[in-house]
Q: 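So that we are looking at the same thing, I have put the structure below in structure tokens.
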Amino acid sequence: MLLENDDLMELHKVLEQKVQEAVKSIFNVDLPTVEFQPTRKDFEGDITVVVFPMLRVVKGNPVQIGNQIGEYLVEHVSEVSKFNVVKGFLNLVIADSYYLDFFNAIMADATYGYAKVNSKDAVMVEYSSPNTNKPLHLGHIRNNLLGYSVAEILKAAGHKVYKTQIINDRGIHICKSMLAWQKFGEGETPESSGLKGDHLVGKYYVAFDKAYKAEVQELVADGKDKATAEKEASILIEAQEMLRKWEAGDNKVVMLWKKMNAWVYEGFDTTYKNMGVDFDKLYYESNTYLLGRDVVKDGLEKGVFFKKEDGSVWIDLTDEGLDEKIVLRSDGTAVYMTQDIGTAIQRVTDFPDINGMVYTVGNEQDYHFKVLFLILKKLGYSWAEKLYHLSYGMVDLPSGKMKSREGTVVDADDLMDSMTATAASISEDLGKLEGYSNEEKQQLYKTIGLGALKYYILKVDPKKRILFNPEESVDFQGNTGPFIQYTYARIQSILRKASNVTLSGIEKSLELHEKEKTLLKQLQIYPETVQLAAENYSPALIANYTYDLVKEFNSFYQQVSILGEADEQKKMLRVALSKKVARVIESSFRLLGVAVPERM
RNA sequence: GGUCGCGUAGCUCAGCUGGAUAGAGCAUCUGCCUUCUAAGCAGACGGUCGAAGGUUCGAAUCCUUCCGCGAUCACCA
């Protein structure tokens, strides 16, 4: 029997059919499904058929049943060359020729692993969405890396993707920075101070908090109780007044707001560029904060919402095990939820092809998004079924939570710089970069430093909180970005030396080394790994896959000689295999937003 | 208090849509650079999978209860 399509699923399908055939012919019963799993390393074989579930329809001893099916398969399926049975596990050895067929088929496929472009629904992925009153910090880094990577993974899985962020450019927090700058800034600008725009504005946010706290303390000393003092501090009143003026369109306030926001955007752009993330569409809260009120009115008529005596509008979600939630204040103004309802609808209007949105937002907003999605469903939007909150745990420091206004944050720019510096110092110690210009070196240090940081953050389950200790630097050895990058660079070195080896189809009759077969099996599951990562919104699955691949490669590299192999066919296979592994590393790392170096 | 999430080796984490003897890395200890890059490889050490019940031929994985940690339950965003 010849396989038309060298796909793992295809092999599973054929095997399933043949196992069913075997059971039918031996026991004369119909087997509904067959369970497969990769054979564990300690046993001989490639694919394992689990016999236990068959006991429901086939009476007998699992070992005996396994043996009988095994014999049938060896006889009737050319891909199955041998088998053994351990307990209720039927281990099948798949013929080398099958894997060589598979390899010949994917060897030249430059987009191996990725699904056909735009074969699935368009989705919008929102991430970052910072406030414009302070620079980005480590928490934003996790957010950005996750959002960007999930967007890339969805693309690879065949979705059209729009990356977006909603910039929280208005509100009391911005007014605080503005007011402090007005009071204490003495006209300071990014140019005059040499500070990055976002850092400059953040400095005044901290300054506001300091002045505010000092005033509160004074008031308390004068005999006020703390809660009252916190409400009555004049600097806070002033900030609130500024917000009112902004909302009224006061020219002077709006001008100041525009000026300071422009500084921040310039700073953000630099940070995003460094981080390697980008967006297709920007939304600004100053444009969207009034959205949603009409929808609420419609929903009120439809009976989705109800009005309380004071005029405020609510939704009752007690049937869903949640509470009542306000969607419009008694004075008719919007709350956060109103805006998010409006913004979601706006996005579908702007991009009519999208069917699904991913919100990359911290897990402290789990409840908010649960409610938001429920409301949109109740309002009857079909796309509401395809909303996903990509929720992630906080990044905490040993000293506790990061707080921008108290200055206890790990700044994004600083962290990236220090990662690059660490990479530089390690690289210089190793001294393998002879012939590289300073510029090339700097570029490489950045690639490695950021690779370490990105991999470190993306390899863990988003739901878990991360304790980040700035004292202990991120590792560069073991299960890390640089380890994987190193393997890539090593392969490039071999390929440079192997430029005289021509790569063409490999002879099917070749006998595979155990390590070669293991590598081919790992390559084979790349496409399904991409799909799985997309379905689970999980960059960690990609990271773990790549790590396994690289570990296998290094073991292979250690055990067999590639360029020293005398047999030309074998040498060609090994070079081609190395090349393919490198391509998959590059491809999977691209999904994580991590670059790979030619040397290191 | 209600709801949600997390709890696996000294540390950081995989495995969680049920399958074989629970896997990696770091740290500690042994070997391996005159041979394709040692940011590597091979190995040792290290586990009552938070606890107790239950379902099952089989449970780290599913269910229940409890314990610990975190988040959330605003006419804030």
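Small disclaimer: the values here were computed from a predicted structure and weren't measured. Letters go in sequence order (proteins before strands), and every chain restarts at 1. Values below: every heavy atom of this structure, side chains too, minus hydrogens, waters and symmetry copies.
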Q: Check the side chains of A:S330 and A:S312 for a donor-acceptor pair under 3.5 angstrom, ignoring hydrogens and angles.
A: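 The answer is no; no qualifying pair exists.
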
Q: Can you confirm whether more than 12 heavy atoms, excluding those of A:K307, are under 6.0 Å from its NZ atom?
A: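 At most 12 heavy atoms, drawn from other residues, nucleotides or ligands, come within 6.0 Å of this atom.
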
Q: Can you tell me how far C1' of B:A74 sits from CG of A:D340, to the nearest Å?
A: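 Going from CG in A:D340 over to C1' in B:A74 covers 16 Å.
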
Q: Can you figure out which of B:C6, B:G19, B:A77 approaches the side chain of A:Q365 most closely?
A: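 Shortest atom-to-atom distance from the side chain points to B:A77.
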
Q: Using whole Å, what does the distance between atom P of nucleotide B:C73 and atom CD1 of A:I326 come to?
A: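 It works out to 14 Å between those atoms.
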
Q: For A:Y486 and B:G40, give me the distance from atom OH to atom C1', rounded to whole Å.
A: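 In whole Å, B:G40 C1' lies 5 Å from A:Y486 OH.
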
Q: On RNA chain B, check which nucleotide each of A:A540 and A:V335 is closest to and give me the residue with the more 5' one.
A: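 Its nearest nucleotide being more 5', the pick is A:A540.
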
Q: Within less than 4.0 Å of OP1 or OP2 of B:U72, is there a side-chain N or O belonging to A:K370?
A: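 The answer is no; no side-chain N or O of A:K370 sits under 4.0 Å from OP1 or OP2.
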
Q: Under a 3.5 Å cut-off for both distances, is B:C66 Watson-Crick or wobble paired, and to whom?
A: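 Partner of B:C66: B:G50.
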
Q: For RNA chain B, whose closest nucleotide is more 5', that of A:K87 or that of A:H368?
A: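 First, find each residue's nearest nucleotide; the 5'-ward one identifies A:K87.
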
Q: Please check the phosphate of B:C41 (OP1 and OP2 only) for any side-chain N or O of A:N554 closer than 4.0 Å.
A: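 Yes, within the criterion.
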
Q: Is atom NZ of A:K82 surrounded by more than 12 heavy atoms (other residues, nucleotides or ligands) closer than 6.0 Å?
A: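 Counting neighbours around NZ of A:K82, 12 or fewer heavy atoms of other residues, nucleotides or ligands fall under 6.0 Å, so no.
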
Q: I need the OH-C1' distance between A:Y547 and B:G25, as an integer number of Å.
A: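 Going from A:Y547 (OH) to B:G25 (C1'), I get 5 Å.
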
Q: Nearest whole Å is fine: how far is B:G19 C1' from A:M54 CE?
A: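 These atoms are roughly 13 Å apart.
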
Q: Phosphate oxygens OP1/OP2 of B:A42: is one of them under 4.0 Å from a side-chain N or O of A:S555?
A: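 Yes, because at least one side-chain N or O of A:S555 sits under 4.0 Å from OP1 or OP2 of B:A42.
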
Q: At less than 4.0 Å, is any side-chain N or O atom of A:R465 found next to OP1 or OP2 of B:G70? Yes or no.
A: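 No, A:R465 has no side-chain N/O under 4.0 Å of OP1/OP2 on B:G70.
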
Q: Are side-chain N/O atoms of A:N143 and A:T360 paired as donor and acceptor at under 3.5 Å?
A: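 No, because no side-chain N or O of A:N143 sits under 3.5 Å from a partner of the opposite role on A:T360.
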
Q: Is the phosphate of B:A74, meaning OP1 or OP2, less than 4.0 Å from a side-chain N or O of A:R329?
A: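 No, A:R329 has no side-chain N/O under 4.0 Å of OP1/OP2 on B:A74.
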
Q: A:D396 CG to B:C69 C1': how many Å, rounded?
A: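 Distance, rounded to whole Å: 11 Å.
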
Q: Counting only side-chain heavy atoms from C-beta out, which of B:C57, B:U37, B:A39 sits nearest to A:R56?
A: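 The answer is B:C57, which lies nearest to the side chain.
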
